[in-house]
Every structure is written in C-alpha cells, then in structure tokens.
Protein chains: 2
Amino acid sequence: MSSSLAAGSPMLNPLYKEVKIRLTRSLVAGEWKPGEAIPSEARLAERFNVSVGTIRKAIDELVAEKILVRQQGRGTFVATHTEDRTLYYFFHIVGKDGSRAQPSHDLLSFRRARADAEAERALALTRGERVLRIENLLRLAGVPVILDEMVIPARLCPNLDEAAFAGREGTIYGLYQARYGINVVRISERLSAAAAPSRVAEVLGLRANAPVLVIRRVAYTYHDAPVELRTSWVDTRHHEYLSDLWKNEPR
Amino acid sequence: MSSSLAAGSPMLNPLYKEVKIRLTRSLVAGEWKPGEAIPSEARLAERFNVSVGTIRKAIDELVAEKILVRQQGRGTFVATHTEDRTLYYFFHIVGKDGSRAQPSHDLLSFRRARADAEAERALALTRGERVLRIENLLRLAGVPVILDEMVIPARLCPNLDEAAFAGREGTIYGLYQARYGINVVRISERLSAAAAPSRVAEVLGLRANAPVLVIRRVAYTYHDAPVELRTSWVDTRHHEYLSDLWKNEPR
DNA sequence: TTCGATTTGTTCGTATGTATT
DNA sequence: TAATACATACGAACAAATCGA
C-alpha cells in the first residue's frame, strides 16, 4: 500500500478535506508545534501525493479557522496565543469609548476539586472527575472589570501548580499551549445578564445585586474537544462585549 | 482602451479583488436582486475578461461574507433574509436549554422623529436628520423576551408606514431588502448588562431594575454603510445570547 | 425515465509575481 | 544575488447536482 491519498480506496470526502484531516492529525500529534512552520506547500504536495492546489485549499480552511497562519515568502505557521491577532479573537471586552486595552491578571484562588454537574456536561467529563478551579481577576487600566472562574480537567495539565500558573508569561491559553501542547482553537460563548452575587460584587467593587454580564465560555481544541469551562462576570458600566462578525479581517 | 481588467495599467489590487469590487458594484446597483442568480462563472469570466479561477476566487470571498450563496448545478445567488441559514446569522438569542425558536413580533410603536446624538454617531447622519423609531416586542414560544428599539434613517425607506411595517411577511431585514433594496450584510453588536428601566421591565414582565442584557446593534449594507441602529433589551432568565465563532458552518 | 445541457465542485498542472532570508 | 515560499492567474479535465426536453 502506498501512502498516497489518491490510492484505490473509495474516498468519501474530497481530496482536500482528507488532506485537511491529515494535517490536523499531524497538528494534534505535535509534529509541528505552535510557532513552528509546517512544510512548504510543494513538500506537502509530494508527501500526500496531491497537487499544490489541493494542499492550498486544505490550508486555506485551516487559515480561515485561525489554526494556521500564512506569511508570504516565509512559510505557513501554527498559530500561537502570543500574538495580538489571536488575542483579539478570544478577548472581546472593550471600553465603551472603543479602547482595547490588554488586561492585567491577579490570581485569586487555585485549587483542585471534583467536577460539578455543569462542568461534567460542558467538558464531557466522567462523573466527579478531578479538575482545577481557578479564580482570576482581570483589570483594565488598573480597574477590576472581570472575574473569571475557570474549570480545567486535571488530567490535561499535570503538575500545574499555583506558582507556575501565576508566573506564566502571556495568556492562559498561551500557557496551555506552551506547557501542555493544548491548543485552544475555538470558543463558544453564551451571554446573559444577572444580579451580581455578593462575592462578585465585592471583588468588582459593585453594590450587591448590581447587574453584571455573565459569560459562559467553553474552549475547544482540535476536533472540537472541550478543554476549559470559564464563567466570566463582567462589570459593564464602562466596558462592553464586542461581537463583530467580520470587520476584524481586512476586506 | 479595452474593458479588460487585465489591461496594461499598473494594478494596485490583485485581479480577483478588482473583480470582487465590480461584482459588489453590480450588487449595489441592483443588477442582480436578492434571490436572483448572478451570471455563471463562465459568463462572468468572459465579461470581465479573466479566467474562471479568478472569478471563483472573487465569489469565494463574497460567499464567505454571506453576500452570495452557491448551489452546485444551479448557480450562484444573491443571499436573502428569508432563509433559516441567514436568520441564525443575525438572530443570536437561544433558549438556555439549547432551543432555537423563531420569534413572533408585536409592533408596539411606530413614529417619525429626529435622530438623537447616539443615532447620529452610529449611523453617520446629519444633525437632526429624520428617522423612524420603531418599538417591537419579540416573543419566544409566546413569552415576551426581547424589546427592540430600532432607528432607521427616514430617507432610506420612503413611504414606509405602520401598516406596511406590521403587515410585512418575514423578517425586518427581509422587508428592507424586498421593499427598499437595502441589503443588510453585516452587523456589529455591543453587549452589556443593565437594570431594566421601568418601561422595559413592564413590557417584559420583569420587576423594575431587574438585570437585563442590552444589545446595541448597528446593521450595515455593502461598503460598510450603516442602515439601522437597534437596541435590544433581553430577559435572560430563560434565554441567552449565543456567540459561536465557527461551528455554524460544517467543517 | 432517460438523456443532455448547464453550472458549480474538485483536481491537476504551469507560469509568473512578490516577499523573505 | 540567489534560493525559497507563498500569492496570483491561467487553463484544462472530469465529477456531481440540477433541470428541462
């Protein structure tokens, strides 16, 4: 049997979809790590025994999903969570005046626990699976604006302790990526309004029961595998959540 | 001078971008109306004097922006606001149980007024320009969930009266599209939490000052020209706002 | 029902332009 | 400068879906 994609077997998918799947498999396997270049289109065409055009079409989709990044003259790279480009893709809170500051983080608590029902459902965990529960306060221009409560399956980040978490450089997803090879490539968020619980109100400097924006986010890696459940409580007196389908990318 | 795009002149843009611009111009001019098919790729290639591949690449982008819709064997069509596909793209409120009902509408008020400062800014209006102000109550499964306040420049929809608005078939964007040729192709939304003003609380059946989700939406047509400012007040006790970058389209 | 024309979808190949190193 | 890599553009062939004769 040759390794050719075009070989005899009846293909359910178009060739470029198969190529995309095999590229994703290599990504999952860590053959090319975040920040690294994948092989050139010509080399991939040889390897998969397809034309360059087919490779390009597969890569096109991965680029559209922000899993890969192309740079003319340099190569095609695995996207990282260290670039402003991807930062804006995952962080949606902006000032009502339009300002887009990067937040500073304060770790409030870091503990190991068992998953509750909500986390089990959202993260497809086994009953009572061990998780990390992390509370993080985000400040914008020095002012507390967001309280984050994160739940991560403990098996995904062995040996992660409070010091390592607090001492990370860059974003939390950058930490998952650099230290555990967990590459968050997509998020799904559900937003609602609620009265601030007393703890939230206290931390954010609000009166109890003040209205806050609640964001329940599930972060996914390749193949839509969930890796993190995050609840954010946002003080929207001076900031808001920006949902701009398009406009990000230059057209 | 030939009409060829490829003709000698130094090209600032790639050819397919020029083609895209010219296609968009024809769309704006109403050469092909929503629901109609545009000419086949082969015919467009002749018309613009470029290869089919170049036409395809231009159309690819317009399809990604949901301005055009391709159907193998049939043709390429101007997107309409009557299809479920586009409906989900513009309507983001879902049940907390995951249900995705289509809302029913009750027109609460319809009046002519002058733009306030906020509308002037968002819609790039001249000072005190005439606008329509429309209040609409949306029910999901019969229960009032969303109060919409819309502001539209009066010049965009001449002769639109309360009866015509209330008697429309389909969505509001469908009305703009069918009756005025105004094709909403993109929206930008900013979300925050607030205490329900008394009128909002009354209409939605909430107690005064209950937390509600506030959505400020600007709807744009071609060339990012704003056409509508909409403020939505959402009761999020049983529903929430879904922001799922990706996942809509099958991957 | 079948067949043929039309249209988009996929795949291949080639040539040339442009950015990077 | 030369080599490499992605970007653009062209053309050709066949597959798959659609539609009407």
Side-chain angles (χ1 to χ4, degrees), chain A residues 2 4-23 32 35-64 66-79 85 249-251, chain B residues 2 4-23 32 35-64 66-79 85 249-251:
Chain A
S2 92
S4 164
L5 280 175
S9 64
M11 240 170 326
L12 307 124
N13 285 327
L15 248 189
Y16 76 92
K17 290 281 187 189
E18 294 290 343
V19 170
K20 184 183 172 189
I21 289 169
R22 292 180 59 165
L23 289 174
W32 315 303
E36 290 179 7
I38 70 173
S40 74
E41 295 171 348
R43 238 186 298 276
L44 289 171
E46 281 183 44
R47 166 163 161 181
F48 292 142
N49 210 0
V50 300
S51 76
V52 177
T54 301
I55 295 290
R56 279 191 72 79
K57 194 155 178 178
I59 292 179
D60 278 346
E61 294 203 353
L62 292 167
V63 168
K66 304 200 193 302
I67 290 173
L68 296 178
V69 178
R70 276 206 253 248
Q71 281 183 257
Q72 184 177 173
R74 296 228 302 139
T76 302
F77 302 83
V78 183
R85 188 180 25 71
E249 21 268 312
R251 292 214 299 276
Chain B
S2 92
S4 163
L5 281 173
S9 65
M11 242 172 321
L12 309 123
N13 285 328
L15 245 190
Y16 75 92
K17 290 279 187 191
E18 295 289 344
V19 170
K20 183 183 172 188
I21 289 168
R22 292 179 60 168
L23 288 174
W32 314 302
E36 290 180 7
I38 69 172
S40 74
E41 295 170 349
R43 238 187 298 278
L44 288 171
E46 280 182 42
R47 166 164 161 183
F48 292 141
N49 211 356
V50 300
S51 75
V52 176
T54 301
I55 296 289
R56 283 190 69 82
K57 189 152 182 178
I59 293 179
D60 278 346
E61 293 203 353
L62 292 168
V63 168
K66 304 202 192 300
I67 290 172
L68 296 179
V69 178
R70 278 207 253 246
Q71 282 184 255
Q72 183 177 166
R74 296 226 304 139
T76 302
F77 301 82
V78 183
R85 189 179 25 71
E249 21 267 315
R251 293 213 299 276

Could you state the atom-to-atom distance from [atom1] of [X] to [atom2] of [N] in whole Å?
| X | N | atom1 | atom2 | value |
| --- | --- | --- | --- | --- |
| Glu18(B) | dT8(D) | CD | C1' | 13 Å |
| Phe77(B) | dT7(C) | CZ | P | 11 Å |
| Ile38(A) | dA5(D) | CD1 | P | 12 Å |
| Leu68(B) | dG9(C) | CG | P | 12 Å |
| Ile59(A) | dA5(D) | CD1 | P | 12 Å |
| Tyr16(A) | dA15(D) | OH | P | 18 Å |
| Phe48(B) | dC10(D) | CZ | C1' | 17 Å |
| Lys17(B) | dA7(D) | NZ | P | 12 Å |

Just the atom pairs and distances: protein N or O near nucleotides 2-6 of chain C's N or O, under 3.5 Å.
none

>> Could you check whether the side chain of Gln72(A) and the base of dG17(C) have a donor-acceptor pair of N or O atoms closer than 3.5 Å, going by distance alone?
In response: yes
>> Quick one, Leu68(A) with Val78(A), criterion side chain to side chain contact (heavy atoms under 4.5 Å, CB included). Give me CA distance, side-chain angles, the key distance, then yes/no.
In response: CA-CA 5 Å; Leu68(A) 296 178; Val78(A) 183; 4.2 Å; yes
The side chain of [X] is closest to which nucleotide in this list: [options]?
| X | options | answer |
| --- | --- | --- |
| Lys57(B) | dT8(D), dA16(D), dC12(C) | dT8(D) |
| Thr76(B) | dA9(D), dT8(C), dG13(C) | dT8(C) |
| Val50(B) | dC6(D), dC10(D), dT20(C) | dC10(D) |
| Arg56(B) | dT10(C), dC6(D), dA9(D) | dT10(C) |

> For Gly53(B), which contact category applies under a 4.0 Å heavy-atom criterion: base, sugar-phosphate, or nothing?
Replying inline: nothing
> Just wondering, do Leu44(B) and Ile59(B) contact through their side chains at under 4.5 Å, heavy atoms?
Replying inline: yes
Smallest separation among heavy atoms of [X] and [Y], with atom names:
| X | Y | result |
| --- | --- | --- |
| Ala45(B) | Ser51(B) | CB-C, 4.0 Å |
| Val19(B) | Ala58(B) | CG1-CB, 3.6 Å |
| Trp32(A) | Ala37(A) | CD1-O, 4.3 Å |
| Ala79(A) | Val69(A) | CB-CG2, 3.9 Å |

> Can you check side chain to side chain contact (heavy atoms under 4.5 Å, CB included) on Leu15(B) and Phe48(B), steps first, answer last?
Replying inline: CA-CA 10 Å; Leu15(B) 245 190; Phe48(B) 292 141; over 6 Å; no
>> With a cut-off of less than 4.0 Å, is there a side-chain N or O of Arg74(A) near OP1 or OP2 of dT21(C)?
In response: yes
> Within less than 4.0 Å of OP1 or OP2 of dT10(C), is there a side-chain N or O belonging to Thr54(A)?
Replying inline: no
> Using purine N1 to pyrimidine N3 plus N6-O4 or O6-N4 for Watson-Crick, or N1-O2 and O6-N3 for G-U wobble, both under 3.5 Å, which nucleotide pairs with dT1(C)?
Replying inline: none
